[in-house]
Amino acid sequence: MYFPQFLIGMFGTLGFVAVWIFAATGSLWHALGWTAVAAIVLQIGYFVAVMMLVIGRASRKMDSEDFADSDADLPAPFEHDGVA
């Protein structure tokens, strides 16, 4: 999911939560408080989702044969002119 799509969805969801809580309680403070809690939960969820994508991509890259073959041409660390 792209960040602009996330922002649109997040603001839509937060608006829905704010209106729903205000309609249920009649309190602006309760609506603002629960909307802030919902915003924090959404941000944590977005962060976890992005981390899962990054970790999944890294593990797929580590598991592929192309990755292992591409490192075969690299010199050993601290190797200079073929002498270790």
Side-chain angles (χ1 to χ4, degrees):
M1 173 184 292
Y2 295 103
F3 189 66
Q5 286 177 319
F6 169 74
L7 285 178
I8 292 169
M10 182 184 74
F11 285 122
T13 301
L14 293 177
F16 181 76
V17 167
V19 169
W20 184 6
I21 298 299
F22 182 74
T25 64
S27 170
L28 181 64
W29 294 111
H30 279 107
L32 290 175
W34 279 108
T35 303
V37 170
I40 292 167
V41 169
L42 284 171
Q43 287 295 318
I44 291 170
Y46 185 73
F47 178 77
V48 169
V50 168
M51 290 306 296
M52 288 174 57
L53 289 171
V54 169
I55 290 169
R57 176 176 258 187
S59 67
R60 279 195 311 268
K61 190 172 184 180
M62 296 289 283
D63 291 340
S64 71
E65 289 182 12
D66 296 334
F67 183 77
D69 291 341
S70 67
D71 284 345
D73 300 333
L74 295 177
F78 306 111
E79 184 177 355
H80 183 66
D81 294 328
V83 178

Let me check something: any side-chain donor-acceptor pairs from residues 33-45 under 3.5 Å, sequence neighbours excluded? List them with distances.
from	atom 1	to	atom 2	distance (Å)
T35	OG1	A31	O	2.6

Task: Qualifying residues under side chain to side chain donor-acceptor pair (under 3.5 Å), relative to S27, sequence neighbours excluded - done: H30
Task: Sequence neighbours excluded - ring pair (Phe, Tyr, Trp, His ring centres under 6.0 Å) pairs with any residue from residues 9-29 - done: F16-W20
Task: F47: hydrophobic cluster co-members (side-chain, 4.5 Å) - done: M51
- [ ] Applying side-chain contact (heavy atoms from CB on, under 4.5 Å), name anything that partners V50, two or more places apart in sequence or on another chain.
- [x] Y46, V54
